[in-house]
There are 2 protein chains.
Amino acid sequence: MDTFAARGYNNASLAEIADRAGLTQAGVLHYFRSKSLLLTSVLELRDDSDIEQLGTERPRGLRFLHHLVETARRNAEREGIVRLYAVLSAESVTDDHPAQDYFRGRYAGLRAFVTDAIVETCGLGTGTADADRARHAANAVIAVMDGLQIQWLLDPAAVEMTASTELVIDAILAGLTRERPAASD
Amino acid sequence: MDTFAARGYNNASLAEIADRAGLTQAGVLHYFRSKSLLLTSVLELRDDSDIEQLGTERPRGLRFLHHLVETARRNAEREGIVRLYAVLSAESVTDDHPAQDYFRGRYAGLRAFVTDAIVETCGLGTGTADADRARHAANAVIAVMDGLQIQWLLDPAAVEMTASTELVIDAILAGLTRERPAASD
DNA sequence: GCACACCTACTAAACACTTAGTAAGTGGTC
DNA sequence: GACCACTTACTAAGTGTTTAGTAGGTGTGC
């Protein structure tokens with residue numbers, strides 16, 4: 001994890017990973033048959049432990065959106081994981097990257113969750129106009145968290161991930177509910 | 001440009017770049033003394049041509065923020081450049097990356113421009129509370145544009161960069177002006 | 001005696017970069 | 001306008017290093 005985070009996939013070498021793990025490069029390939037399999041294994045392991053920590057019940061609606069702000073706050077204390085995801089998600093858009101499927105799936109899932117939470121929170125209807133607005137808002141919420149991470153990794157003093165995330169989520173929710181004054185609370 | 005965009009810096013080879021340019025790898029190094037110098041040259045060239053296209057006068061205030069939305073719209077037609085910046089900006093946070101200084105400077109400049117535009121547009125004061133809000137909002141605006149690009153590159157059908165960018169900017173501006181009802185328009 | 005966990009030793013390819021050369025100019029002098 | 005000194009724009013053929021992956025072995029525990 002640390003090596004992929006510090007160097008990206010392509011520039012990370014099995015030798016360095018093996019050194020840090022206390023065995024030889026061939027020893028690493030004993031457990032993971034190839035470098036790309038090691039990468040996807042690391043990403044899936046990371047996911048599993050995150051889901052475990054979240055508990056069995058995923059919060060819904062506004063509580064889920066608050067949970068995202070809380071994640072941003074926690075991320076400011078976990079540079080390693082932030083770097084891992086920021087570097088690899090962007091690197092995954094390059095040709096034939098082994099984590100491309102992983103990130104495509106991850107974003108698809110995230111978009112669905114956040115869209116649902118926004119629809120619930122703002123009491124949006126099922127019309128295409130409302131659905132589109134919810135989708136665009138959800139994509140923006142995910143995007144702002146990702147984009148802040150890159151700025152923060154380059155210059156931690158210039159960025160407050162929690163404050164900016166909260167500001168955007170609050171503004172979006174206010175905007176979506178204001179435009180539908182008929183919604184019951 | 002195309003090669004760095006398609007492969008990232010580390011996985012791009014001088015041989016491929018040379019092939020596409022119609023000369024040998026040594027021929028490329030005749031013009032650029034090293035691979036990292038080639039990368040920084042490409043980025044600076046790109047910048048120069050963007051500045052030329054913008055014209056000498058940079059728009060200010062609300063017009064600048066509208067210009068950002070317009071950029072998002074134009075970017076949906078320029079996958080190559082979007083990919084170049086999305087991939088390299090994230091890759092630049094890895095250890096000893098040659099474009100690290102470039103992107104640190106770029107973001108610092110962008111943050112200053114967007115912060116100014118938001119302060120002007122919302123008629124914010126000079127107090128620290130207002131200044132902080134403007135900074136957080138500016139960072140979020142930049143972040144949302146960057147984050148959308150990664151999602152869009154992975155799955156173009158799932159993301160509308162223009163709509164999401166506009167939604168966030170509008171919501172943020174409404175939020176910041178609503179909280180200061182005393183501001184004269 | 002067999003499976004597992006690993007290592008040593010290797011291979012073949014790819015890599016950035018170097019060296020030494022060539023061909024085609026360019027500018028100045030007689 | 002012929003000759004010389006020098007530069008520019010490359011190429012072919014390396015160098016040394018790093019790379020992922022492989023083959024075959026050794027020790028340990030059951």
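Predicted model only: the values in this text are computed from it and were never measured.
Among residues at least two apart or in separate chains, salt bridge (Lys or Arg N to Asp or Glu O under 4.0 Å) pairs with a member in residues 134-151 of chain B are A:E160-B:R135, B:D132-B:R135. Pairs of residues two or more places apart, or lying in two chains, never qualify as ring-ring contact (aromatic ring centres under 6.0 Å, His included) while including a residue from residues 131-151 of chain B. Residue pairs meeting the ring-ring contact (aromatic ring centres under 6.0 Å, His included) criterion with at least one partner in residues 97-133 of chain B, sequence neighbours excluded, are B:Y9-B:H97.
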Check: residues 149-158 of chain B side-chain donor-acceptor pairs under 3.5 Å, at least two apart:
from   : atom 1 : to     : atom 2 : distance (Å)
B:Q151 : OE1    : A:R111 : NH1    : 3.0
B:Q151 : NE2    : A:N139 : O      : 3.2
B:D155 : OD2    : A:R111 : NH2    : 3.4

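Atom CG of A:N10 is separated from atom OG1 of B:T94 by 10.5 Å, given to the nearest 0.5 angstrom. The distance from atom CG of A:L88 to atom CZ of A:F4, rounded to the nearest 0.5 Å, is 7.5 Å.
Comment: B:R74 does not engage B:E70 in a salt bridge, judged by the lack of any side-chain N to carboxylate O separation of less than 4.0 angstrom.
What separates CG of B:L38 from C1' of C:dC17 is a distance of 14 Å, to the nearest Å. One atom, CZ of B:F32, and another, P of C:dC17, lie 13 Å apart when rounded to the nearest Å. Note: CG (B:N10) to P (C:dA14) measures 18 Å, nearest angstrom. Between the CG atom of B:L37 and the C1' atom of C:dC17 there is a distance of 14 Å, rounded to whole Å.
Across residues 11-24 of chain B, B:A12, B:S13, B:L14 each have a non-hydrogen atom less than 4.0 Å from an atom of DNA chain C (numbered order).
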Going 5' to 3' through nucleotides 22-30 of chain D, assign each nucleotide B (protein heavy atom under 4.0 Å from a base atom), S (under 4.0 Å only from sugar-phosphate atoms) or - (no protein heavy atom that close). B--------

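The side-chain tip of B:R46 does not point at the ring of B:Y85 from less than 6.0 angstrom away and within 45° of straight on.
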